[in-house]
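Working notes, beginning with the structure itself.
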There are 4 protein chains.
Amino acid sequence: MASVKTRLIFRAAVDVFSERGFEKATMDEIAAKASVAKGTIYYHFKSKEDLFVFLVEEGTELLREKVLSHLTEEMSSSEKIREIVRAQLAFFTEYRDFCIIILRETWGDEARHREFRRMLVHYVQSIRQVIAQGVDEQIFSVENAEVAAWSLFGSTSITALHHLFADPAVDLLALAPSLQAIALGGLHAKEIT
Amino acid sequence: MASVKTRLIFRAAVDVFSERGFEKATMDEIAAKASVAKGTIYYHFKSKEDLFVFLVEEGTELLREKVLSHLTEEMSSSEKIREIVRAQLAFFTEYRDFCIIILRETWGDEARHREFRRMLVHYVQSIRQVIAQGVDEQIFSVENAEVAAWSLFGSTSITALHHLFADPAVDLLALAPSLQAIALGGLHAKEIT
Amino acid sequence: MASVKTRLIFRAAVDVFSERGFEKATMDEIAAKASVAKGTIYYHFKSKEDLFVFLVEEGTELLREKVLSHLTEEMSSSEKIREIVRAQLAFFTEYRDFCIIILRETWGDEARHREFRRMLVHYVQSIRQVIAQGVDEQIFSVENAEVAAWSLFGSTSITALHHLFADPAVDLLALAPSLQAIALGGLHAKEIT
Amino acid sequence: MASVKTRLIFRAAVDVFSERGFEKATMDEIAAKASVAKGTIYYHFKSKEDLFVFLVEEGTELLREKVLSHLTEEMSSSEKIREIVRAQLAFFTEYRDFCIIILRETWGDEARHREFRRMLVHYVQSIRQVIAQGVDEQIFSVENAEVAAWSLFGSTSITALHHLFADPAVDLLALAPSLQAIALGGLHAKEIT
DNA sequence: CATGAATGAGACTTCATTCAT
DNA sequence: AATGAATGAAGTCTCATTCAT
């Protein structure tokens, strides 16, 4: 990812893949948007799939880093959960294209789908650990930490995605208080959070 | 939807679209799986997109009916939420292919994506009403019923989808207790539910 | 051409063939316009080509009859030529669809093209005889009566066709005086006619 | 029109379009005749229609140039008309395929037909000007120069086309004297020309 | 490193024709 | 006589990938 061209291609690819989806995206459009010749993409990436997987790995890893980097030892488990929700919304705001790609291209049986789920599972495991710790500390009381982790990821990302498409100008971070309250206290919420 | 062939095509299309996604699915494969000639599909449906939209409308409407049909006046708002979670998991078990199609093909800017989101918004609005009623009755305490509705839908469907791909033999209904508890009480849950 | 249905199909076919051309015309559209089922066309005509040839034969024969029927023994050769031009323009006005079909579908190497040219040659031969008689009577002085006949047909029909497309509301008969003068006297024309 | 492949495709297209007509011509046959892959045609031309329109524009423009290039200031109007007839027959001899395409594919309501008529109108306007000048100089006496121009074009091209199909080996230039005499003097012709 | 012309497999779609009713 | 559902061959066009320069 050193070369200037590589970066140009990377950015163009994120753009095009998120707008069109993997199948509908064309190497021609990516090349045009990156202002390089089509052959140049193939000099840097083995194939369309290769480019896509590379991009998705970078993106998911970045999501994981961004979200986890704000968690510190001093935080309570509840604070950690609030921070996870906030950081994920912040990431979706900054990299809204990744947000779309992530939820579009995860569910399927091709190699890239599996690769992608592997990355996502890795990310969700990190959330699971935070939840599991909260359970150990008897702050949380969920039976199944893994289900809770996927639930949290699903809740946050689908809500964000819906709002992105319903109103492209939406401020996702404004959703944070509601989503945090729901995550911690559910529909009964109230005083607890 | 009357004709025998139409039903054959419908079933085959659900199969192929869910396995391959809209773009990767081919009319050839649908025709083969339905045991009809390719031209026959075009006799009944205007285009690949038309077939897909028809299928998605039927599916989403069925989801809405299945989920709403079990809600009765006598239920408390909490019971209604539990039933929504249960019924949605039951639907995803019975029509797992629709579940995959729904989450794959909703996010995009083409006509079928918008059409599809329109259907989904309709379904989520139904959930929102149940939540809003609970808020009126001071059983629930969420600020934003719409966010809560999308959160519930995202939580349930992403969790279900993950488990379907992680373990095709999974019993989705076994997830119900955890998801219901999380929906109502969040991570703090415990005694409340 | 007895049956009611046959006539319905005939009229619809003229319509569609003239608007779309032979290749672009579809049996579906003809059937719809004739308000009969597609199979019904095949009950009355062997094939699309058969229908077309039948229609073209009827049309060309009608053109020939209409044009020749006004020629009488008493007319001078010049009057006959004027009448031919007038009658052809009148025919093109009344059956403008045939006019288009005739000039679109004559030039090619398929069976229907040859069949069609055979009909047209027959018609032009009739004009040739009128010209040849005028030459015998030393009223006309062209060397090659056949060339003169094709020239007359080409002059009248291309001019008519151009005006039909340039202005669909054109009154073709208004072109008669000019075309008659040109036919008889050429560009030098003047007093002779 | 620079690239070698482009020229190969161009020639093959003229061949196939003139033999089959626009609708019946296939990109497969054009590709085969040009000895290029089908995709190569689409690399150079946007569509079948695009290729056809390009070809027709080149052809009609060439016809116009060829015919007009022989007209000089010193010629009398009559000589100019004779030259127009001769040059058009010479063009039809050299590019007989264009001649066929021109008269087959001009009359219709699709984009390419209209584009084509626009080109043809441009050409015929050139003839009209020659005629109009002759009228100004009181050499010609036609009332309507435009009708005369279309008449001349129709006379020459339909006669040529008929002879090309009736006898592929015909020498079109042998028709020149007759057609010139008819153009200038009509059927009465004789001494005038 | 970079290019972009060329490729060909494969997709969607159309439509004349058939045939059981 | 008439119907219209069903067919499948055939056509246009797309696009990931290659390769000679």
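Below, chain A is the first sequence line, B the second, and so on; all start at residue 1.
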**Prompt:** Any chance CZ of D:Arg11 has more than 12 other-residue heavy atoms, nucleotides or ligands included, within less than 6.0 Å?
**Reply:**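 Incorrect, the count does not exceed 12.
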
**Asked** Once Watson-Crick and G-U wobble pairs under 3.5 Å are found, how is DNA chain F written in dot-bracket notation, 5' to 3', with | for any base paired to another strand?
**Response** .||||||||||||||||||||

How close or far is atom [atom2] of [N] from atom [atom1] of [X], stated in whole angstroms?
| X | N | atom1 | atom2 | result |
| --- | --- | --- | --- | --- |
| D:Ile30 | E:dG8 | CD1 | P | 18 Å |
| D:Leu8 | E:dT7 | CG | P | 10 Å |
| D:Asp50 | F:dT12 | CG | C1' | 14 Å |
| C:Ile9 | F:dA1 | CD1 | P | 12 Å |
| A:Arg20 | F:dT14 | CZ | P | 14 Å |
| A:Phe52 | F:dC15 | CZ | C1' | 18 Å |
| B:Phe45 | F:dA6 | CZ | C1' | 15 Å |

Which nucleotide in [options] has an atom nearest any side-chain atom of [X]:
| X | options | answer |
| --- | --- | --- |
| D:Lys5 | F:dA6, F:dT3, E:dA6 | E:dA6 |
| D:Thr40 | E:dA2, E:dT7, F:dT7 | E:dT7 |
| C:Thr26 | E:dT7, E:dC15, F:dG11 | E:dC15 |

Write down the protein N/O and nucleotide N/O pairs, taken from nucleotides 17-21 of chain F, whose separation is under 3.5 Å; answer none if there are no such pairs.
unit_1 : atom_1 : unit_2  : atom_2 : d
F:dT17 : OP2    : A:Tyr42 : OH     : 2.9
F:dT17 : OP2    : A:Lys48 : N      : 2.9
F:dT17 : O4     : A:Lys38 : NZ     : 2.8

**Request:** Report yes if a side-chain nitrogen or oxygen of D:His44 is closer than 4.0 Å to either non-bridging phosphate oxygen (OP1 or OP2) of E:dA6; otherwise report no.
**Result:**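 Checking E:dA6 against D:His44, a side-chain N or O does come within under 4.0 Å of OP1 or OP2.
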
**Asked** If only side-chain N and O atoms of C:Tyr43 are considered, is one of them under 4.0 Å from the OP1 or OP2 phosphate oxygen of F:dA2?
**Response**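 For F:dA2, OP1/OP2 do not have a side-chain N/O of C:Tyr43 under 4.0 Å.
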
**Prompt:** Under the 3.5 angstrom rule, does the side chain of C:Lys5 hit a backbone N or O of C:Ala34 as a donor-acceptor pair?
**Reply:**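 Not confirmed, C:Lys5 side chain does not pair with C:Ala34 backbone.
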
**Message:** Parallel, tilted or perpendicular: which one describes the rings of B:Phe17 and B:Phe22, with boundaries at 30° and 60°?
**Reply:**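 Parallel: the ring planes of B:Phe17 and B:Phe22 meet at under 30°.
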
**Message:** Over all strands shown, is C:Ala25 touching base, sugar-phosphate only, or nothing at heavy-atom distances under 4.0 angstrom?
**Reply:**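 Sugar-phosphate, backbone atoms only, no base.
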
**Item:** Interatomic distance at C1', E:dC1 relative to F:dT21, whole Å
**Value:**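 Per the computed distance, 13 Å lies between those C1' atoms.
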
**Which residues share a ring-ring contact (aromatic ring centres under 6.0 Å, His included) with B:Phe165, sequence neighbours left out** =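 None.
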
